[in-house]
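Read through the structure below, which is laid out as C-alpha cells, and then see the notes.
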Amino acid sequence: MTKTAPTRPGMMPTTTIGGKGIKGSKMPSPSSRCSDHGTFKFNCSKPSKEDPEQPCGKGCCTHRNPNNNSVFMKRRACKECKKLGEGGYDLCDLHFVDKRTCKKCAPRCKEHGKVKANCQSCRLEETNTVINLTSLSTDIVGLQEKERRRERLNEEDFLEKESKNQMHKKSSEKKDKTILMASKTTLSPESDPDPDVEIISAFETTQTLKRPKPTIGDVEWVSEDLTTTAKVSSISRAHPDFTIELCRKITSTVGKEENVVLARQQLKKGETNIDISFTENDYGSYQYRLHLRRTGGKSA
C-alpha cells in the first residue's frame with residue numbers, strides 16, 4: 001500500500017498499515033469472520049463442514065433452532081441449554097424468553113408502563129440526552145482548545161520579546177566594550193615604528209554566515225507490513241549541517257503538542273535522494289511528519 005504526501009515535509013499524512021480499517025471503525029477484521037459462511041465466526045449457527053451435526057461457531061450449541069431446523073441455536077439464547085444449566089444466560093428463569101423483553105418479568109419504565117427495552121418513548125428521551133451531552137462536551141472541548149491556543153500564542157509572544165531584549169542588551173554591551181578598548185589602545189614601540197601615532201577609535205564586528213537550507217522536491221510515503229518509509233527525492237543544497245527527522249505528533253498530559261523523533265538521518269553533501277524508515281510494534285493508524293533540522297557544524 002503506497003500513499004504520496006504533499007511536497008512540503010511539514011505535512012502529516014495518515015498511513016494505514018497491515019490491512020486494518022481506520023482507527024475506530026466498527027468493521028470486523030477478516031480473522032473474526034467465518035471463512036465458510038461469511039458470518040461472525042464465534043456466533044456462526046450454520047452446520048460445520050467437518051461435522052454437519054455440530055455448529056460452526058463455538059458460541060452455538062447442538063440444539064436445532066425450532067423456527068429453522070437447518071441452523072443451530074446460540075448458546076446464550078437456547079431454552080434447552082437453560083433447562084440443563086449449560087447456557088441460556090439471556091433468558092429469564094421463569095418464562096425462558098429474553099430477560100430484557102419478557103412481558104411478565106422484564107423491568108418496566110415507571111413513566112409509560114411499558115417494557116423498558118421496548119419503550120420507544122424512553123429510547124427517544126435517552127437518545128436526546130446523549131445528543132445534548134455530546135454537543136455540550138464538544139463545546140467544552142472547543143473552548144478549552146481556544147484557551148490553550150491563546151495561552152500558547154501569549155507565551156510565544158513573550159519569549160520572542162524577551163529574546164529580542166536580550167539580543168539588544170548583549171549588542172549594546174559589546175559595542176560599548178569595543179569603543180572603550182579602542183579608546184585605550186595605542187601603538188607600542190615594538191609593534192609600530194612610530195610610537196607617537198595614537199589610535200583614536202576602532203570598530204569591530206562579528207558576522208555569522210549561515211549556510212542556506214536545503215530544499216526538498218517530493219516525499220513519497222510507503223508502508224509495508226509494520227514498516228513505514230519516507231522516500232525523499234529532489235534534494236538540493238544537501239549538507240551534513242542538516243538532518244531529516246521522522247517524527248510523530250503527540251499531545252502531552254497538559255494538552256501541549258509535542259513531536260517524538262522516531263528516526264533521523266544526516267544529509268550527505270550533494271546527495272539528492274534518501275530513505276528514512278520506522279517499524280511499529282503493532283498494526284494500527286499512525287500519523288507521521290518530517291522535520292528538516294539544522295544540526296550545526298562550520299558555516300560556509
Side-chain angles (χ1 to χ4, degrees), residues 1-33 35 41 141 144-145 148-149 152-153 155-156 159-160 163 208-300:
M1 177 179 58
T2 303
K3 292 188 178 180
T4 302
T7 56
R8 292 181 296 174
M11 299 298 290
M12 295 182 298
T14 299
T15 306
T16 303
I17 303 177
K20 282 198 173 183
I22 299 174
K23 187 176 182 181
S25 174
K26 294 182 179 179
M27 292 298 295
S29 62
S31 62
S32 65
R33 301 190 67 84
S35 59
K41 191 172 185 179
V141 171
Q144 291 176 345
E145 181 63 27
R148 286 195 294 268
R149 191 181 299 114
R152 186 166 58 253
L153 291 175
E155 183 180 358
E156 290 176 355
L159 293 176
E160 183 178 358
S163 176
T208 302
L209 306 179
K210 288 189 175 182
R211 184 180 301 278
K213 298 178 181 179
T215 58
I216 295 175
D218 190 25
V219 180
E220 182 184 16
W221 297 89
V222 179
S223 297
E224 185 175 357
D225 198 21
L226 292 174
T227 301
T228 297
T229 302
K231 294 181 174 293
V232 186
S233 59
S234 302
I235 304 173
S236 63
R237 298 195 298 268
H239 194 272
D241 285 356
F242 299 91
T243 299
I244 291 183
E245 297 176 345
L246 178 62
C247 306
R248 176 182 297 136
K249 184 181 76 172
I250 63 172
T251 303
S252 63
T253 55
V254 297
K256 186 176 180 181
E257 292 184 355
E258 298 177 353
N259 291 296
V260 177
V261 178
L262 304 176
R264 60 167 54 92
Q265 184 166 335
Q266 187 176 19
L267 294 177
K268 297 178 181 178
K269 188 173 182 179
E271 71 177 345
T272 58
N273 302 290
I274 67 167
D275 293 346
I276 182 169
S277 304
F278 179 74
T279 301
E280 300 288 350
N281 294 324
D282 195 7
Y283 299 102
S285 184
Y286 303 94
Q287 286 186 329
Y288 301 101
R289 59 164 53 175
L290 285 180
H291 284 173
L292 178 65
R293 188 181 300 277
R294 188 187 296 271
T295 56
K298 296 182 178 180
S299 300

Report the distance from atom [atom1] of [X] to atom [atom2] of [Y], rounding to the nearest 0.5 Å.
X: Phe278; Y: Leu226; atom1: CZ; atom2: CG; value: 10.0 Å
X: Lys210; Y: Asp241; atom1: NZ; atom2: CG; value: 11.5 Å
X: Arg152; Y: Arg149; atom1: CZ; atom2: CZ; value: 6.5 Å
X: Arg293; Y: Leu267; atom1: CZ; atom2: CG; value: 13.0 Å
X: Asp275; Y: Leu246; atom1: CG; atom2: CG; value: 11.5 Å
X: Arg289; Y: Lys249; atom1: CZ; atom2: NZ; value: 6.0 Å

What I'd like to find out is whether the side chain of Thr228 reaches to under 4.5 Å of the side chain of Val222, using heavy atoms alone.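 A side-chain contact under 4.5 Å is absent here.
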Taking side chain as C-beta onward, heavy atoms only, is Arg33 less than 4.5 Å from Lys41?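 No; the side chains remain at least 4.5 Å from each other.
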Hey, is the main chain of [Y] close enough, under 3.5 Å, to the side chain of [X] for a donor-acceptor pair?
X: Thr251; Y: Lys256; answer: no
X: Gln265; Y: Ile244; answer: no
X: Arg294; Y: Arg211; answer: yes

So which atom in [X] and which in [Y] form the shortest heavy-atom distance, rounded to 0.1 Å?
X: Ala263; Y: Ser277; answer: CB-O, 3.4 Å
X: Pro240; Y: Gln266; answer: O-NE2, 2.6 Å
X: Pro214; Y: Arg237; answer: CG-O, 3.4 Å
X: Glu280; Y: Tyr288; answer: OE2-OH, 2.6 Å
X: Glu258; Y: Ser252; answer: OE2-CB, 3.8 Å

Kindly indicate, with the supporting measurements, whether the criterion side chain to side chain contact (heavy atoms under 4.5 Å, CB included) is fulfilled by Asn273 and Lys231. CA-CA 7 Å; Asn273 302 290; Lys231 294 181 174 293; over 6 Å; no
What I want to find out is whether Arg148 reaches Glu145 closely enough, with some N-O distance under 4.0 Å, to be called a salt bridge.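 The answer is yes: the pair qualifies as a salt bridge.
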Go through the steps for Ile276 and Leu290 under the test side chain to side chain contact (heavy atoms under 4.5 Å, CB included), then give the verdict. CA-CA 10 Å; Ile276 182 169; Leu290 285 180; 4.1 Å; yes
